[in-house]
Amino acid sequence: MTATVELLTCFIAMGLLALSYFSHHRAVRNRPLTDAQARGFRTAGTATLVLCYWLASRHYGPAYASVLLLGWVCLSSIILVILLSYKPRWLQPILPASTVVCLLGLLY
Amino acid sequence: MTQPLIQRLTRWKNTTIWRDSLHIGNRCLAATFGGYLLSAVATILLAQILPLSQVDRVLTAMMLSFAVYTCAVIWVFSVKSTWRYWLDLFTLSSLLYLAYLAAKAFDATSAQGSGL
Amino acid sequence: MKDSFFRSMTWLHTWVGLLTCWVLFLVFFAGTAAYYRAEINLWMQPENHGSQYDANADNQQLILKGLTSLAQQAPDAESWWIYLPTQRVPLLTYAWSDPAAEGQRFGDYHQGFINPTTGEALPKARESRGGDFLYRLHFDLYYMSVLTARWIVGFCTMFMLVAIISGIVIHKRIFKDFFSFRPGKGPRSWLDAHVASSVLALPFHLMITYTGLVTLMFMYMPWGLNTQYGDETQAFYSQWKPIYQTPAATGTPATMLDSQSLLSAIHSVVGESPIEGLQFDNLNDSNASVTVKIAPEHNLNQQAPWYHLSTVTGTVLAQSAVTSGANQTQSAMIALHSGRFAGQGLRLLYLLAGLTGCVMIASGAIMWAEKLAQKQLKKDKNHSGLTLVNMLNLATFAGLPIALACYFYANRLLPVTFVDRENWEIHCFFISWALVALLACFKRDKQTWQRLFLLTALLYGLLPLLNAMTSQYQLINNLQRQAYVLAGFDLMMLALAALFYMAAKRLRSPKKVLATRVTKATTELGVES
């Protein structure tokens, strides 16, 4: 369960980072991106990534967690690239839903 | 019949393709063998001067050698003039080797023994 | 070299990649499969499929059983080994090596297996190199001396390292284009696939290339060692890896402790730490010793503890100590490359990254061919290099998956008593690859690619059926009795079949007009011989 939560956190982080790009933001949310919003997404994405690494280190130890995190970033990025290329609108419901699943997983 | 063989070969020798191939082949040789020479000499030097125990010096120097080799190859292919990189590779390798010999001599005189 | 640094690096990246991409694809393909070599080993010896891993098993009893079998079957051996069961290898393995005969460097190696839950010896499994062949293939190649192969692979790896660095240098918009992929646009799509598969798994590619070189650095760059130690390289090895320093045989015979006392001696030293394996050297000699290796678990930067004990007196002769930073770094590099510390999840990520590497290499080569084909379409000129590249592309990228499938088929279809069985399984791998290469000499068009992919999908899809017909357990009852290694293998084959089927279908229906035009170009060029 914890591994799934961590993987989802990584996916959310990469999704937020993707949204900080103009073209992807427009494809997903159908409106242009302001500079402030872009910075907001980048900060949120980086913070979530740090959170993910912290959760993974608590679970696996820092060395193993760093290797695992790189693998998760790779996997999430691949899924995101496929999602953004073929069905970008789906990202809009998927990100909040994943957040809810993560929070539930962390609580229980 | 077509032009005699010698004439055809001479004409080809003066074309751009041959000159370009010479230049590129030259660079490839320099990158492959010259780069290897440079990284080997750098390894030898590092294995002598790093401030670690003998086993650790050897391991660290060997692990770093491939980074040196890659940098040498990239550098050979980014230099503009044709023979400049051969000169630079040989000069740098010689300097590094001299540095190694100096370090070894210094070590031998100051430590009165071998290595450790 | 060219007008600008950028253009020089682009030229370098293209040529350094293109010249070695087919060898590198073989290395990546075999190496990725090798992450699961223990699982492949198990699948390819169906006589061992009945074993199950039990986390609560009494390891002491298992070691006793191993020792009893070894004493019975190999009393005069030179060395003994016992490996305890793990989740990936649910068997108690015992092995011995005969003393080296005249002209041999090492004596013959023999293995036996015991089912850990029932304690009974398993019937002799069919001879097969299994996953170990794929592991060796990725750096020792085959049909050539080991030294030659390692030089070739090292050369190609160095080329790949240069390709990665030059690729990073030329991809100025690396972060801007991070998530971009434009499907259905011909060479543009291949470029996007190449960039995506390179960038998204870039840490893995950089790591695997560099650590691959470090793994064989004593062969590629021995100069540090030679100048520091001269002729006494043995002194270096004994300081670097003291685990291999067992005292030599004295020649005076001595009786070893009986199994029970030996086990209690080991237990008093090791305690409850999980033992990975034991190696017995200098049997029945006064210097008889046992090396006890503790299981490394999931530690990346800590090497697993080990102990040398005398089997005559039971005292500790030597044990592992914390090693220096450089030693740990080198050990961690090899661990990162081989993934030996990885748990199930991380191992799957390694597989995914390896497959991404295969996609990177294949998309690079195909993109080059398609770009050249497009240029040729405009200039109406033929390029013999393009024919060669198309041929090699088809032979390698379509041929290797088929060769692997045929290797698995040969394992089940060749009779168990077939002479020289293990080598003939490997010959089947190369024969099927050669047949695809032969086909590629004559037909290279899109239809051939599609048909070969469909064939691959069929071969992989039918493998679980073949397993059901040729072994005692099949997918459903493997899932039921929680033999996840075997079930996982079958499921992976089905997943691969689905992947190749999807690829075949995509080849049949190109989405955009540009892609169709490129198809026609390659068809026209492919039809000429």
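Labels below follow one simple rule: chain letters A, B, ... track the order of the sequence lines, proteins then strands, and each chain is numbered from 1. Hydrogens, waters and symmetry mates are skipped; everything else that's a heavy atom, side chains included, is used.
Nearest heavy-atom pair across B:A47 and C:G224 is CB-CA, 4.0 Å. Between C:M221 and B:M62, the shortest heavy-atom contact is O-CE, 3.3 Å.
B:V58 places a side-chain heavy atom less than 4.5 Å from the side chain of C:Y229.
Interface residue C:F155: only side-chain heavy atoms are found under 4.5 Å from chain B.
C:I165 contributes atom CD1, which lies 6.0 Å from atom OG1 of B:T70 (distance to the nearest 0.5 angstrom). How far CH2 of C:W240 is from CD of B:Q54: 15.0 Å, rounded to the nearest 0.5 Å. Remark: C:M333 CE to B:M63 CE distance equals 5.5 Å, nearest 0.5 Å. In this structure, CE on C:M158 lies 7.0 Å from OG on B:S39, to the nearest 0.5 angstrom.
The environment of OH in B:Y97 is sparse: at most 12 heavy-atom neighbours from other residues, nucleotides or ligands sit within 6.0 Å.
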message: side-chain contact (heavy atoms from CB on, under 4.5 Å), that's the test. Do C:Q330 and B:T60 meet it? Break it down for me.
response: CA-CA 8 Å; C:Q330 199 255 351; B:T60 314; over 6 Å; no
message: Under the criterion side-chain contact (heavy atoms from CB on, under 4.5 Å), I'd like the reasoning laid out for B:S65 against C:M217: C-alpha separation, chi angles, the key distance, then a yes or no.
response: CA-CA 9 Å; B:S65 62; C:M217 68 182 183; 5.9 Å; no
- request: Could you go through the side-chain contact (heavy atoms from CB on, under 4.5 Å) check for B:F77 and C:V16 one step at a time?
  value: CA-CA 12 Å; B:F77 277 99; C:V16 151; 6.0 Å; no
- prompt: Can B:F66 and C:T157 be said to form a side-chain contact (heavy atoms from CB on, under 4.5 Å), step by step?
  reply: CA-CA 11 Å; B:F66 301 110; C:T157 314; over 6 Å; no
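Among the candidates B:L59, B:T32, B:I74, B:T43, the residue making the largest number of heavy-atom pairs closer than 4.5 Å to chain C is B:L59. Interface remark: of the candidates C:P222, C:A326, C:G325, C:A326 forms the most heavy-atom pairs closer than 4.5 Å to chain B.
When atom types are taken as modelled, the side chain of C:Y210 and the backbone of B:A67 share a donor-acceptor pair closer than 3.5 angstrom.
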